[in-house]
Amino acid sequence: MKKWIIDRPYIFTSIIFLIIMIFGWRFLYWQEEDYAFLLLLYFIVTLGIRLDDISNKIGDGAVKLKHSSGERDTIVRQLNDIRVSLSALNATLIKLLEEMGKKND
């Protein structure tokens, strides 16, 4: 059951808000403003769920180390990767600056 809820958070959230809406209509005699506020809360919760999905997808793309992060060769390898990435970024930025300079001339 828990896996089903985790796999389908939008359906579960919609069902809960539908139950709240029916309860408010039948027993609390809600007006239009109450439904509008509930709809606003629904959109906020749905947006929060979507942002959580996005952050989980971004987090899953992180580099997973084969060795523990305390080993020397792993740290050196990471530093070399960072150095290579910064060199590539620097070369790209230099090209962009040259193109900007050409456009300004």
Side-chain angles (χ1 to χ4, degrees):
M1 177 73 177
K2 184 178 180 182
K3 183 170 176 22
W4 186 86
I5 292 171
I6 291 172
D7 290 342
R8 299 164 183 83
Y10 299 110
I11 293 173
F12 184 68
T13 305
S14 299
I15 290 171
I16 288 182
F17 274 92
L18 184 64
I19 291 170
I20 292 171
M21 188 183 312
I22 291 171
F23 182 79
W25 170 60
R26 296 288 290 164
F27 299 107
L28 301 177
Y29 306 107
W30 280 358
Q31 301 297 317
E32 290 177 12
E33 297 86 17
D34 300 318
Y35 292 116
F37 182 71
L38 186 67
L39 185 63
L40 177 67
L41 287 177
Y42 174 75
F43 286 133
I44 291 171
V45 169
T46 305
L47 178 64
I49 292 170
R50 182 64 186 144
L51 290 174
D52 186 51
D53 288 344
I54 291 170
S55 68
N56 284 338
K57 288 178 183 175
I58 291 172
D60 287 343
V63 176
K64 296 181 181 171
L65 301 175
K66 295 179 183 175
H67 305 288
S68 65
S69 60
E71 292 186 21
R72 186 176 186 281
D73 63 332
T74 305
I75 294 172
V76 171
R77 191 172 350 117
Q78 286 180 340
L79 290 173
N80 285 333
D81 291 344
I82 291 170
R83 183 182 50 80
V84 169
S85 297
L86 287 175
S87 298
L89 181 63
N90 191 27
T92 305
L93 288 174
I94 289 172
K95 288 179 184 177
L96 287 174
L97 284 174
E98 290 172 355
E99 290 178 13
M100 296 281 290
K102 290 178 183 176
K103 287 182 181 180
N104 289 338
D105 293 338

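Just the heavy atoms: all of them, side chains too, but no hydrogens, waters or symmetry mates, feed the values below.
Side-chain atoms of Asp52 do not come within 3.5 Å of backbone N or O of Gly48 as any donor-acceptor pair.
Side-chain contact between Asn80 and Arg77: absent, with no pair of heavy atoms (C-beta onward) separated by less than 4.5 Å. By the 4.5 Å heavy-atom criterion applied to side chains, Trp30 and Ile20 are counted as neighbours. At a threshold of 4.5 Å between non-hydrogen side-chain atoms, the residues Leu79 and Arg83 do not count as touching. In this structure the side chain of Ile49 never reaches within 4.5 angstrom of the side chain of Phe12, judged on heavy atoms.
The one candidate from Leu39, Leu40, Leu41, Val45 that meets the side-chain contact (heavy atoms from CB on, under 4.5 Å) condition with Phe43 is Leu39. Shown are Thr92, Ile94, Leu86; of these, the side-chain contact (heavy atoms from CB on, under 4.5 Å) with Asn90 is made only by Ile94.
Connection of Trp25 to Phe27 is established within a shared hydrophobic cluster, with ILVMFWY side chains joined at heavy-atom distances below 4.5 Å, either directly or through further cluster members. Under the 4.5 Å side-chain heavy-atom criterion for Ile, Leu, Val, Met, Phe, Trp and Tyr, Ile44 and Leu18 are members of distinct hydrophobic clusters. No path of Ile, Leu, Val, Met, Phe, Trp and Tyr side chains, each step under 4.5 Å between heavy atoms, connects Tyr29 with Ile19, placing them in separate hydrophobic clusters. In terms of hydrophobic clustering, with Ile, Leu, Val, Met, Phe, Trp and Tyr side chains grouped at heavy-atom distances under 4.5 Å, Leu89 and Met100 are assigned to different clusters.
Annotation: the span from Ile58 atom CD1 to Ile54 atom CD1 amounts to 7.0 Å, rounded to 0.5 Å. With values rounded to the nearest 0.5 angstrom, Lys3 atom NZ is found 8.5 Å from Arg8 atom CZ. Separating the CD1 atom in Ile75 from the CD atom in Gln78 is a distance of 7.0 Å, to the nearest 0.5 Å.
Heavy-atom neighbours of Phe37 CZ from other residues, nucleotides or ligands within 6.0 Å: at or below the threshold of 12. Shown here is Tyr35, whose OH atom has more than 12 heavy atoms of other residues, nucleotides or ligands within 6.0 Å.
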request  = Could you check Leu38 against Asp34 for side chain to side chain contact (heavy atoms under 4.5 Å, CB included), going step by step and ending with a plain yes or no?
outcome  = CA-CA 6 Å; Leu38 186 67; Asp34 300 318; over 6 Å; no
query = Would Phe17 and Thr46 satisfy side chain to side chain contact (heavy atoms under 4.5 Å, CB included), going step by step from the backbone distance to the final call?
reply = CA-CA 11 Å; Phe17 274 92; Thr46 305; over 6 Å; no
